[in-house]
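Heads up: numbering here begins at 1 and tracks the sequence. Both ligands and their constituent atoms are indexed starting at 1 by order of listing. Just the heavy atoms: all of them, side chains too, but no hydrogens, waters or symmetry mates, feed the values below.
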Amino acid sequence: MFQINEHYQALPGSYLFSTIAAKVAAYTNANPDKQVIRLGIGDVTQPIAPAVIEALHQAVDEMADASTFHGYAPDLGYAFLRSAIVQNDYRPRGCEIREDEIFISDGAKSDSGNIQEIFDTRCKVAVTDPVYPVYIDANAMAGRCGTYDTVTQTWSNVIYMPCVRENGFVPDFPKEEPDLIYLCIPNNPTGTTITKAQLQGWVDYANKIGAVILYDAAYESYITEPDVPHSIYECEGARTCAIEIRSFSKNAGFTGLRLGFTVVPKDLVCGTVSLHAMWARRHGTKYNGAPYIIQRAGEAVYTEEGKAQLQEQVAYYMRNAGLIKKGLQDAGYEVFGGVNAPYIWMKTPGTMGSWEFFDDLLERAQVVGTPGAGFGPSGEGYFRLTAFGSYENTAAALQRIRAL
Ligand code: MLT
């Protein structure tokens with residue numbers, strides 16, 4: 001008789017965004033005449049930029065001709081894309097990252113969920129709280145999180161580093177020493193960030209205690225302030241303690257195309273074992289590469305035309321962020337984020353719980369957001385709105401919220 005992976009059974013409920021989608025579906029089925037505005041999941045709404053569309057068309061045509069057809073992609077991804085990444089994302093920022101340290105993938109979600117596989121199951125994981133649920137759930141599936149307490153909504157074997165209004169959403173170094181530290185900067189869900197000096201502190205700390213930082217930089221293109229790091233490799237010493245994960249979803253609208261990459265520097269070792277070699281082994285065994293046409297689309301993101309068009313797209317979403325932030329502030333809400341990230345993190349009114357606020361907003365304003373508690377216990381009493389809607393829907397949602 002077969003046995004199942006018991007760690008899956010320890011997982012609470014369903015994936016956060018699946019739970020929300022089910023709740024919204026139930027509401028729309030019961031109220032077919034109501035126009036629901038979705039500012040919940042951070043999914044983009046603007047079409048793919050013209051320069052990228054052109055590259056996609058060209059790549060599709062290449063696939064129709066035997067002389068230009070492409071089958072399996074190279075293990076790490078095509079050199080043309082890895083080279084564009086180094087030339088644009090790393091070299092101009094003084095980061096010493098080489099093409100063969102970049103692994104192209106189908107997105108940051110898969111990489112941030114899968115990367116834990118190369119670490120021992122006894123490794124102690126530290127996460128900021130609230131946190132993107134994938135980091136914890138993936139470790140729980142691997143049996144690294146202990147048991148889940150439904151009352152405190154925490155795992156017994158995870159170090160939680162609260163990021164709340166009181167500490168300016170900047171995590172403190174934990175009392176207990178972690179082995180793996182997940183940092184997402186600019187942060188999902190709070191939309192807040194830390195300075196380069198603060199990140200340098202984390203790099204120094206990780207090097208000192210022998211921990212690895214798993215750094216999710218999916219939102220770096222939304223940074224508007226000068227002192228915020230775009231990459232952890234801007235910090236001295238990061239090559240010996242950090243893995244960086246990037247996405248094309250938020251900067252270029254690839255949520256439906258799927259493309260991302262992970263950087264594993266060759267200086268990152270455990271004794272004599274190279275983490276780069278381990279991830280290469282894992283990648284080569286379990287993954288056959290992002291499609292050629294999508295990697296060509298990714299290359300177009302870095303052309304002059306592509307960069308200009310995408311800068312406009314990011315500005316479009318940040319205009320939404322500004323609108324939400326100011327509108328909520330004017331209505332008397334306490335609001336955070338939205339300056340270096342496309343997320344606005346608001347306090348729920350009075351003592352209202354975040355799921356209660358979710359239900360109330362859906363019921364009375366037909367606006368969908370994400371309850372802070374869904375991201376961890378320190379998210380209770382907060383609520384997330386995304387700036388990825390259309391401008392019209394964003395303005396309409398705000399009007400409805402303000403009229404409550
Ligand atoms: C979010 O809403 O937090 C993100 O869209 C999730 C993701 O990027 O996977």
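Among protein heavy atoms, the minimum distance from atom 9 (O) of ligand 1 is reached at Tyr132 OH, 2.5 Å. Regarding atom 8 (O) of ligand 1, its nearest protein heavy-atom neighbour is Lys250 NZ, 2.9 Å.
For Asp267, the side chain to side chain contact (heavy atoms under 4.5 Å, CB included) test picks out Arg239, Thr240, with sequence neighbours left out.
Listed by atom number, the atoms of ligand 1 under 4.0 Å from Asn188 heavy atoms are 1 (C), 3 (O). Heavy-atom proximity to Phe17, at under 4.0 Å, picks out these atoms of ligand 1: 1 (C), 2 (O), 3 (O). Near Ile41, with a cut-off below 4.0 Å to any heavy atom, the atoms of ligand 1 are 2 (O), 5 (O).
The side chain to side chain donor-acceptor pair (under 3.5 Å) test with Asn157 is passed by exactly one of Arg144, Arg122, Lys124: Lys124.
The aromatic rings of Tyr182 and Tyr135 sit parallel, their planes meeting at an angle under 30°, below the 60° perpendicular limit. Using a 30° and 60° split on the angle between ring planes, Trp355 and Phe358 fall in the perpendicular class, above 60°.
Contact annotation for Tyr343 and ligand 1: only side-chain heavy atoms (C-beta onward) come within less than 4.0 Å of the ligand.
Here Phe69 and Tyr292 keep their ring centres 6.0 angstrom or further from each other.
Checking only distances, Arg384 does come within under 3.5 Å of ligand 1, N or O to N or O.
Each salt bridge (charged side-chain N to carboxylate O under 4.0 Å, His left out) pair with one or both residues in residues 325-349, not counting sequence neighbours, appears once here: Arg165-Glu334, Lys326-Asp330.
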